[in-house]
Q: 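Let me give you the structure first, and then I'll get to my questions.
Source: prediction; values computed, not measured. Along the sequence shown, residues carry numbers from 1.
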Amino acid sequence: MAESTITAKGQTTVPADIRAVMRAKPGTRLVWSAMPDGTIIVRAKTQSIRDMAGMLKAPKGKRVAIEDMNPWR
């Protein structure tokens, strides 16, 4: 188990083995989540929603109007 200490300024060092697993490098942003049971989850923020721009291509063929997509109407 990896361990680190929080400084008086609230800073800590992510242990090298954890950085390797996260593939973290200088500038990697960390997202901290506190769970109701007191567990803290830390994950590396590797992508922004903006990185996904252009990933999907418009389908070829017949186009369907938005109004026709809702089966409840």
Q: Taking atom CD of E3 and atom CD1 of I18, what is their separation to the nearest 0.5 Å?
A: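 Between E3 CD and I18 CD1, I get 11.5 Å after rounding to 0.5 Å.
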Q: Looking at M69, I want to see if its CE is surrounded by more than 12 non-hydrogen atoms of other residues, nucleotides or ligands under 6.0 Å.
A: yes
Q: Please say whether more than 12 non-hydrogen atoms of neighbouring residues, nucleotides or ligands are located less than 6.0 Å from CD in Q11.
A: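 It does: Q11 CD has more than 12 such atoms within range.
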Q: If you compare all heavy atoms of T12 against all heavy atoms of S4, which two are closest, and at what distance to 0.1 Å?
A: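 Closest approach of T12 to S4: OG1-OG, 2.7 Å.
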Q: Would a 4.5 Å heavy-atom cut-off, applied to side chains only, mark V14 and L30 as touching?
A: yes
Q: State, with a plain yes or no, whether a side-chain heavy atom of R19 is found less than 4.5 Å away from one of T13.
A: yes
Q: For residues M22 and R43, report the shortest heavy-atom separation together with the two atoms involved.
A: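 Of all heavy-atom pairs spanning M22 and R43, the closest is CE-C, 4.2 Å.
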